[in-house]
Amino acid sequence: MTVSSFPLAQLTAFVLAVLLAYRFAKTRRHAPFPPGPQGWPIIGNVLDIPTEYQWKTFAKWGEKWGDIMSVNVLGQRMVIINSARVAVELLDRKSSIYSDRPHMVMIGEIVGWTRIVSLHNYGPRFRETRRLLSQMLGSRDKVAWLAPLLEAEEHRFLLHVLKDPDSLVAQVRKAAGAIILMLAYGYEVKDGEDPYVAIVEKAMSEVSAAATPAAFLVDFFPILRYFPPWLPGGGWKKNIPEYTKDLDAMCDIPYQFVKQHMAVGSFIPNFTSRLLEDNLSAEREQLVKDAASSFYAGGSDTTVSTITGFFLAMMCYPDVQKRAQAEIDTVIGSDRLPVLADRGRLPYLHALCLELLRWNPVAPLAIPHVLAQDDVYAGYYLPKGTTVMANVWKLLHEPETYANPFNFDPSRFISSGKRTAEQDPRSYAYGFGRRICPGMYLADATVFLAVAMSLAVFDIRKPVIDGVEVHPNMEFTSGVISHPPPFKCSIVPRSAKAEALVISTEMKA
Ligand code: HEM
């Protein structure tokens with residue numbers, strides 16, 4: 001093995017060099033692209049793109065190269081948008097051609113995640129899945145019908161946090177999973193370890209690790225998928241069987257749960273059951289199954305980041321917390337918990353939820369879009385197949401749009417006297433055009449309930465350890481989904497009455 005691996009390594013290197021040279025030669029034939037940093041021959045800007053916090057580097061590059069710029073990644077062009085104007089003009093207004101997704105060979109094609117809507121190409125299957133999701137979640141009014149379920153789940157969350165404040169993040173995660181599993185499959189999550197939550201969380205953690213840009217060379221050179229695993233550099237293949245098995249389990253097991261319960265006539269109506277009532281073709285059944293899994297894929301980790309970030313923000317900005325609590329006390333009082341229908345009467349709470357979306361956006365670079373046909377914009381040539389990334393983080397920290405953008409200040413979204421409210425961050429935080437987040441009304445409602453209910457009953461403070469107040473790290477993580485860093489937090493009931501309210505409400509829930 002050791003004797004033969006040297007020529008094999010050389011052979012692999014040779015084949016890669018040929019592939020790179022071919023890609024480079026192809027690229028040079030193209031007309032001018034939007035400007036960007038000078039890259040190296042063949043590999044382009046690969047070495048310039050950091051592996052972490054890419055949105056910060058892209059924002060800095062934007063100062064030099066402008067609102068629309070481009071880089072070359074191993075011969076593939078990637079356009080970066082650093083302004084709201086360009087994002088709206090391309091991704092919203094020309095959405096019919098800017099709504100494809102990157103071709104992810106490893107996680108998408110080989111493991112099979114292309115069955116989930118976020119990785120669907122723009123086409124009939126994508127449109128049908130979006131139509132089905134929209135029937136349930138596509139407007140504020142539709143989500144208002146789900147209010148009793150969301151409120152019950154957030155009540156349960158309060159009780160679990162009351163009993164064990166140190167398990168905050170686990171409880172946020174569990175509540176998000178419980179909402180999705182109930183909506184998609186009518187499945188009620190058990191207390192303690194839940195087997196269905198474990199199945200979906202495992203598949204989700206695998207895809208988030210594998211979906212990191214440039215994680216696999218095969219995404220750039222699809223021919224590598226046909227190389228045997230024993231060649232040098234073939235180690236990426238070893239996880240494929242496990243990843244595929246876990247994805248199948250995530251899609252199949254909750255779906256079978258619905259079918260079994262429908263067969264005996266005992267089920268809570270849900271997204272899947274509503275679509276399974278007629279006799280379906282095998283193809284249609286597959287589509288319904290995959291659409292239901294898309295709920296979890298899109299909604300499990302995202303609201304978790306925003307709600308956990310809320311607890312971090314409240315510790316660090318006690319004045320904001322006091323003002324929000326004062327609003328609840330005045331408008332709702334202390335005899336009941338806030339509900340979704342109260343939102344219109346709680347403008348500061350509403351503004352607080354907007355500021356959470358803006359302050360540290362959950363998806364700082366959204367999900368990349370891909371251009372389906374050649375386009376020309378502002379004199380630049382953008383060929384079919386170009387990956388287009390909107391730097392959502394930059395759009396939401398633009399000083400011309402948001403005064404003192406690094407301050408956490410909900411009042412920026414409230415008009416007063418001569419001051420007009422700043423741009424609603426939901427215009428960008430949920431993405432763009434035909435790919436805009438299909439769960440945004442659900443996310444909006446879930447975040448509002450978690451924030452309003454928690455502030456109604458808890459005081460959230462920095463922990464005191466050995467008599468010293470501990471200041472948390474505030475730097476959110478890097479990644480497709482950005483999370484608050486781990487932190488400790490003191491969560492105590494605001495009063496005996498608040499505590500009793502949590503306990504009694506849970507009994508009703
Ligand atoms: C605070 C919470 C959330 C935020 C900030 C958020 C944000 C986003 C963003 C930025 C995208 C990419 C849009 C684009 O490509 O332009 C997206 C896609 C998606 N989101 Fe959300 N999301 C959230 C919650 C949810 C929830 C609760 C669901 C559950 C149904 C969901 C389901 C999806 C799906 C299925 C996609 C893929 C859509 C597609 O590719 O067509 N999201 N989301």
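Order of appearance sets the numbers: ligands from 1, and atoms from 1 within every ligand. For the numbers below, each heavy atom of this structure counts, side chains included, while hydrogens, waters and symmetry mates do not.
Applying the 4.0 Å criterion to heavy atoms of Phe295 picks out, from ligand 1, the atoms 29 (C). If you number the atoms of ligand 1 from 1 as listed, the ones under 4.0 Å from a heavy atom of Leu137 come out as 30 (C). Ligand-side atoms of ligand 1 in range of Ala429: 5 (C), 7 (C), 10 (C), range being under 4.0 angstrom from any heavy atom. Heavy-atom contacts of Arg101 reach the following atoms of ligand 1: 14 (C), 15 (O), 39 (C), 40 (O) (cutoff under 4.0 Å). Heavy-atom proximity to Thr306, at under 4.0 Å, picks out these atoms of ligand 1: 1 (C). Atoms of ligand 1 lying under 4.0 Å from at least one heavy atom of Ser294, given by number and element, are 35 (C). Taking every non-hydrogen atom of Arg130 and a distance limit under 4.0 Å, the qualifying atoms of ligand 1 come out as 38 (C), 39 (C), 41 (O). Below 4.0 Å from some heavy atom of Val117 lie the following atoms of ligand 1, by number and element: 35 (C), 40 (O).
Salt-bridge formation is detected for the pair Arg156/Glu153: a Lys NZ or Arg NE/NH1/NH2 atom is positioned less than 4.0 Å from an Asp or Glu carboxylate oxygen. Looking at Lys394 and Glu398, a side-chain N of the basic residue comes within less than 4.0 Å of a carboxylate O on the acidic one, giving a salt bridge. A salt bridge is defined here as a Lys NZ or Arg NE, NH1 or NH2 lying under 4.0 Å from an Asp or Glu carboxylate O, and Asp246 with Lys202 meets this definition.
Between the Lys384 side chain and the Asp375 main chain, no donor and acceptor come within less than 3.5 Å of each other.
Scanning the protein for heavy atoms near atom 6 (C) of ligand 1, the closest one is Tyr430 CD2, 3.6 Å. At the shortest separation from atom 36 (C) of ligand 1 among protein heavy atoms lies Pro438 CD, 3.5 Å. Of all protein heavy atoms, the one lying nearest to atom 2 (C) of ligand 1 is Ala443 CB, 3.5 Å. The protein non-hydrogen atom at the shortest distance from atom 24 (C) of ligand 1 is Thr302 OG1, 3.1 Å. Atom 32 (C) of ligand 1 has Gly298 CA, 3.5 Å as its closest protein atom, hydrogens excluded (heavy atom only). The closest protein non-hydrogen atom to atom 42 (N) of ligand 1 is Cys437 SG, 3.0 Å. Looking only at protein heavy atoms, the nearest one to atom 28 (C) of ligand 1 is Gly299 CA, 3.4 Å. Here the heavy atom of the protein found nearest to atom 16 (O) of ligand 1 is His369 NE2, 2.7 Å.
Note that Arg358 lies in the cation-pi zone of Tyr402, set by a 6.0 Å cut-off to the ring centre and a 45° limit from the axis. Cation-pi check for Lys56 over Tyr53 is met; the charged atom lies under 6.0 angstrom from the ring centroid and within 45 degrees of its normal. A cation-pi arrangement is absent between Arg434 and Tyr98, since the terminal nitrogen or guanidinium carbon is not both under 6.0 Å from the aromatic centre and inside a 45° cone about the axis.
Side chains of Arg77 and Ser70: a donor on one and an acceptor on the other come within 3.5 Å.
Taking any N or O of Phe126, backbone or side chain, none lies under 3.5 Å from an N or O belonging to ligand 1.
Taking the six-membered ring for Trp and the full ring otherwise, Tyr196 and Phe257 have centroids separated by under 6.0 Å.
Between Trp393 and Phe406, the angle of the ring planes lies from 30° to 60°, which puts this pair in the tilted group. Classified by interplanar angle (parallel below 30°, tilted 30° to 60°, perpendicular above 60°), the ring pair Trp359/Phe408 is perpendicular.
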